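Notes to accompany the following structure.
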Amino acid sequence: MKIHEHTAKDLFEAEGIAVPKRYVANTTSEAEEAALKIAGAVVVKAQILVAGRGKAGAILKANGKEETSKAARQLLGAIFRGATVSSVLVEEQLSISKEFYLGFAIERASKKAIMIASEEGGVDLEETARSRPTAILRILLDPLLGLRTYQARLAGKALNIPTPALASFIGICQRMYKIFVENDCELLESNPLALTKSSQLVALDARMVIDDNASYKHPEHGEGTEELTPRESSAKQMGLSFVELDGDVGIIGNGAGLVMATLDLVAHHGAKAANFLDVGGGAQAEQVKAAVQLIVKLPNVKVILLNIMGGITRCDEVAMGVVQAFTETGSKLPIVSRLVGTREEEGQRILSEAGIEMTKSMELAAKKAVSLLK
Amino acid sequence: MKIHEHTAKDLFEAEGIAVPKRYVANTTSEAEEAALKIAGAVVVKAQILVAGRGKAGAILKANGKEETSKAARQLLGAIFRGATVSSVLVEEQLSISKEFYLGFAIERASKKAIMIASEEGGVDLEETARSRPTAILRILLDPLLGLRTYQARLAGKALNIPTPALASFIGICQRMYKIFVENDCELLESNPLALTKSSQLVALDARMVIDDNASYKHPEHGEGTEELTPRESSAKQMGLSFVELDGDVGIIGNGAGLVMATLDLVAHHGAKAANFLDVGGGAQAEQVKAAVQLIVKLPNVKVILLNIMGGITRCDEVAMGVVQAFTETGSKLPIVSRLVGTREEEGQRILSEAGIEMTKSMELAAKKAVSLLK
Amino acid sequence: MNIVAVLVNNNTRILVQGITGREGANHTRSMLQYGTKVVAGVTPGKKGAKIEGVPVFDSVQEAIDFDPKINTSVLFVPARQVEDAVYEAADSAIPLIVIITENVPVHSTIRVVDYAARKGLQIVGPNCPGVISPGLSKVGIMPGHLFSKGKVGMVSRSGTLTYEIASSLTRAGIGQSTAIGIGGDPVIGLSFMDAVQLLEDDPETEKIVIVGEIGGDAEERLAASRAKLQNRKPMVSFVAGRAAPPGRRMGHAGAIISMGSGTAEEKTKALREAGIPVADLPSEISDLLSSSESKDK
Amino acid sequence: MNIVAVLVNNNTRILVQGITGREGANHTRSMLQYGTKVVAGVTPGKKGAKIEGVPVFDSVQEAIDFDPKINTSVLFVPARQVEDAVYEAADSAIPLIVIITENVPVHSTIRVVDYAARKGLQIVGPNCPGVISPGLSKVGIMPGHLFSKGKVGMVSRSGTLTYEIASSLTRAGIGQSTAIGIGGDPVIGLSFMDAVQLLEDDPETEKIVIVGEIGGDAEERLAASRAKLQNRKPMVSFVAGRAAPPGRRMGHAGAIISMGSGTAEEKTKALREAGIPVADLPSEISDLLSSSESKDK
């Protein structure tokens, strides 16, 4: 779950990390007020959850009420990379002498959290990673002890943080790590972490991604549905793992790997899936019904491909759910199914009785589904 | 550094542990006010830093304004085990169905913190330890992970905490452990932790001892001088390790073990030391002078025994400090000295020139000092 | 530690943590039916109950007191109880801890994996189907009837896809030595590389099938490490998620192409460059296995 | 690990953490004068400085890069920096870390002792004088001239009392193999029992002197463990604090009789019951050593 810049900055501030003076504005007039309060050059930043806002033109500079108003008007309601801007952050411009990168992330290979730091901040870290990998410092963090002072100190030295700002840098590292762990973050970064002309370290940007599996611990951050389509949101509430795509073959399966492989098969046969949908292990009829109803209503879908490899999942439950969904929605969409595993005879019988065609393998099912598109 | 019951209870309450309704009273009229606010049976408890207050008569029961006033009058200004009562805690009486012991301490042998729990609370833990050692549960705590939920749950089961109160017990264990670690405690206990007739777990008493070495991290708890004599307080501020005793041989030495052994030697020869005083390693003349001045002023002292085994400590610095102290105070107390180690020739020369007698060993010095008492 | 025949064998004596829940109870029955020695269960507060004849205890220690030969624990507890349940199992020094539960917070996983590692214990999972040695023991939720005894070892990040491939191998007459579901989370106990090494060292395993998916670089690291090996068992692979878009989580917490890395293309390329055939379709794996003999040792 | 001749020997190559402080600098000189190989120092921000010719670095890693044979670190850093300094040394896998600093918070000590233990490293101290193997190496603050080479090993909770007893032994013509100051804090890295075991295992040590004091039960536990031993080297002991009152800390954080336990009487009784003579006066130790031959192996 991605967290808005302004929320992350509030957390930074509460923890004692310096951030620029700033106001959230939902309207042009709120932006004007903010400009008056700040009384100087400002940056107007779209509060959207996509990366690369600067390049996309979602961050504008302004000076004074008129320019700020104009920038806010330009951003509010605009769409950048699919995200609509409903608020902007009006923030004081600071005189910067140098920009650093500082972030915390989970590293799969080491099975640990790491601190990432670079003297080259304010630019895309991925680009730095490609062009000058040695410019990026990666520090492994002990899962129980966390970031130790000496590690932060060495990072500060490696980044050539000026001596008067070194203690502040160490403090920022420790405080960001605290926020990272206490909020169950997958990612927390400040890019840039800027050194001002007055030798202060200030987090000019803040990006925060919370582990979805831990979001129950952090209800203050909402349900993380802002990045989802309305259908994805409602699927999430039904406990379905669902992603909307832009093809026309509706997919229902159980198990993430199997569903991914089903999408791949559709692609292999030259078509595109309309969605990813994993009903999960041990799905009941009710859940399957909801899943089918969801797919049936996807605007692009021309055919449905059902692929169940029942282990925990009972085929009869799946079949009942499918039949109920078609009955209730009255859908006439063609459906190709493959249903094996626990209680497969019962399941296959239920589907056959409802006139739904069965195939012997997922590969045949995919091929058949794609052929029905033509 | 021992912490008052009322302070510890405030910490408990802030952490979400149930404690009785209570008011600190420094005067009889404050105690009366408290009684009126509580409006029911109360306990009036002397806020002193000694253990065993109940047995010593420093905890009284009362009901209503008159009785509370009387109890407060009885306690305020009284002296229990050497401690003068300057405030009392007026606390509501609760209906208790059972009393438990719950505490956290440092265990030397395992080099870890431990949780200690017993179904037999409200009594002296040492006595339980002697009479029914199996009634005491000791749970080793991982230094980095701390108390785990399952450990607290098993402790609750072992203590026969009723099922409806088990979750509350687990919470209290975890919160007390948090207080224990965050305040650098040597000891944190609630004895009794009481189960009320309404099945609530309430910390009826709270005892807290903070590690003196960590007191700099906790300035909110003061300097821990309340338990010290005025002389011990001022010695502490001078960086001297000093304990007042009731004998008449004033002791000055360097190194805790050496000074203890010097006290033992004095006892071996049939006398008693007036104090323990370790000037520490590498003491300068100024510090030694302060130490000697402190000893010279002890009312009981009839002779001074100086025992220096100089390693880091320079004998000339010690000798200069001694001579300066005698010169400035004009003291005529006899002093027996033993001074060896770094720069011993210079040190011995300085003392000799000041007419101070030297002995060859600490044993001879102790014998000589004791002989001078007669 | 008693881990021969790769993680589980017929000496495996299982404790089920969370045995009284729906999944715990169902799979206890299924494991027992398979012949797995499920000897005890734990659900705090449910001491004295029996699930399919298996006695339930309040704590891991009580279960171990009941059967000191317990050497594996399988966890079906809710996600928010996993961390504590692993500490409890680890503090009783159970050498193998299999976490079936999904949706475990990654910071919890990091802590328990570290804790188990410093005690020398092995965690498999979380969010995994478990481990099966066909005919010997099944620790987890795999449908046993799809597997058959044989000489092909499997390592997979995906549950149902493993069943799919195992059942196609079974139909083709190719049995399996051990199938290890390492789980679909970004941080897991037994890694892809560790699991493959167990199969490399296993005398019962002659060939290895690995089933990867998008996200992370476990497949790439495995490929890089195998490229250096002189003697290695024949290996074939499958990678799910070629059609997955970047930046979206495909069911598994770990199945996400992020910051432009973790794509199926990269993984396929790395595996092929290391001489490991990658099947285009799941059904091709049995053919690739049959023809893999000559390429490797 | 390169620890022969008990903890320190002539292969000991020392890093001094906190070398530019007053104590760090003074004892660096004193150790060098004794012949100890002090090869590098660390004080953050002081890189490039030299103390008695020893180069100073900003970090432990830099010091190790300079001399990869560093195998011991001795800490003179202020108490509030000890925890971090130990982590830094431990993360560079320095096998022996001697903490001279006193007044270290006990919760810090608990954490670093645990951390070092799980990395297989040895901490001595805190609040200790260090370790000396007369004629070979001195790691710490003992006045070297009071010690002489010989066959008596010493373990002590007290600094100056160790010097006192060592110097009386030296005067009596009894040299020392290794003297280990384990420190006066309630929680310490190398325990009384561990230190004695090192001397038991040391071929250079023929007899052992232990110097205990009030507080805790390390002496009692040592006595109990030795009472069971068949073959043991002759041991004599001294216990300081017979005249100390209960409940008052006698200088050392660990020297306190609390809750009625940790008295010199109990310790003396336990030692004597285990057949370990306890000297009434420090000067009696050399006599007890001479007559101790017959009682033990």
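Given the structure is predicted, the values throughout are model-derived calculations rather than measurements. First the proteins, then the strands, lettered A, B, ... as listed; each starts at 1.
- Of the atoms belonging to B:Leu263, heavy atoms from both backbone and side chain fall under 4.5 Å from chain D.
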With side-chain contact (heavy atoms from CB on, under 4.5 Å) as the test, would you mind laying out the steps for D:Asp114 and B:Lys111 before giving the verdict? CA-CA 8 Å; D:Asp114 179 71; B:Lys111 307 173 187 178; over 6 Å; no
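- Heavy-atom minimum distance, D:Pro186 versus B:Arg108: O-CG, 3.3 Å.
- At a 4.5 Å heavy-atom cutoff, the contact between D:Val239 and chain B is made by backbone atoms alone.
- With a 4.5 angstrom heavy-atom cutoff, D:Phe192 does not touch chain B via any of its atoms.
- Contacts from residues 208-216 of chain B to chain D, taken as heavy-atom pairs separated by less than 4.5 Å, involve B:Asp211, B:Asp212, B:Asn213, B:Ala214, B:Tyr216 in sequence order.
- For the pair D:Arg221 and B:Ala109, the tightest heavy-atom approach, listed with the atom from each and the gap, is CZ-CB, 3.4 Å.
- Heavy-atom distances place the side chain of D:Glu23, and not its backbone, under 4.5 Å from chain B.
- At a 4.5 Å heavy-atom cutoff, B:Leu187 makes no contact with chain D through either its backbone or its side chain.
- Interface remark: D:Ile188 contributes backbone atoms only to the contact with chain B (heavy atom separation under 4.5 Å).
- The contact between D:Asn103 and chain B is made by backbone and side chain atoms together, counting heavy-atom distances below 4.5 Å.
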Given salt bridge (Lys or Arg N to Asp or Glu O under 4.0 Å), test B:Glu232 with D:Arg248 step by step and report yes or no. CA-CA 12 Å; B:Glu232 285 172 346; D:Arg248 298 305 307 268; 3.0 Å; yes
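- A distance of 8.5 Å separates CE of B:Met362 from OG1 of D:Thr160, quoted to the nearest 0.5 Å.
- Chain D forms the most heavy-atom pairs under 4.5 Å with one residue out of B:Glu126, B:Lys217, B:Lys112, and that residue is B:Glu126.
- Only the side chain of D:Arg118 comes within contact range of chain B, judged by heavy atoms closer than 4.5 Å.
- Residues B:Asp264 and D:Ala243 share a closest heavy-atom pair of OD1-N, 2.7 Å.
- In terms of non-hydrogen atom pairs under 4.5 Å with chain D, the most contact-rich of B:Pro143, B:Ala267, B:Gly341, B:Ala273 is B:Pro143.
- The minimum heavy-atom distance linking D:Ala240 with B:Gly257 is given by the pair CB-O, 3.9 Å.
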Just do the side-chain contact (heavy atoms from CB on, under 4.5 Å) check on B:Phe180 and D:His107 with the steps written out, would you? CA-CA 10 Å; B:Phe180 176 74; D:His107 284 270; 3.4 Å; yes
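- Residue B:Lys272 does not touch chain D at all, counting heavy-atom pairs closer than 4.5 Å.
- Residue with the most contacts toward chain B among D:Arg80, D:His27, D:His145, D:Met142: D:Arg80 (heavy-atom pairs, distance under 4.5 Å).
- Of the residues considered (D:Ala264, D:Gly189, D:Gly247), D:Gly189 shows the highest number of contacts with chain B, using heavy-atom pairs under 4.5 Å.
- By the 4.5 Å heavy-atom criterion applied to side chains, D:Met250 and B:Val259 are not counted as neighbours.
- If you measure heavy-atom distances from D:Ser167 to chain B, the contacts under 4.5 Å come from the side chain alone.
- Looking at D:Val104, the atoms closer than 4.5 Å to chain B (heavy atoms on both sides) all sit in the backbone: N, CA, C or O.
- Each of D:Pro143, D:Gly254, D:Ser191 has some count of heavy-atom pairs under 4.5 Å with chain B, and the biggest count is that of D:Gly254.
- Using a 4.5 Å cut-off between heavy atoms, D:Arg157 touches chain B through its side chain atoms alone.
- Atom CD in D:Glu164 sits 4.0 Å away from atom CE in B:Met309 (nearest 0.5 Å).
- For B:Arg130, no part lies near chain D; criterion is any non-hydrogen pair under 4.5 Å.
- Most heavy-atom pairs under 4.5 Å with chain D, from the set B:Cys185, B:Gly253, B:Ala366: that is B:Cys185.
- If you take CD1 on D:Ile214 and CE on B:Met260, they are separated by 5.0 Å, rounding to the nearest 0.5 Å.
- Across all non-hydrogen atoms, the minimal contact from B:Leu258 to D:Ser158 is N-OG, 4.1 Å.
- Remark: B:Glu186 CD to D:Ile256 CD1 distance equals 7.5 Å, nearest 0.5 Å.
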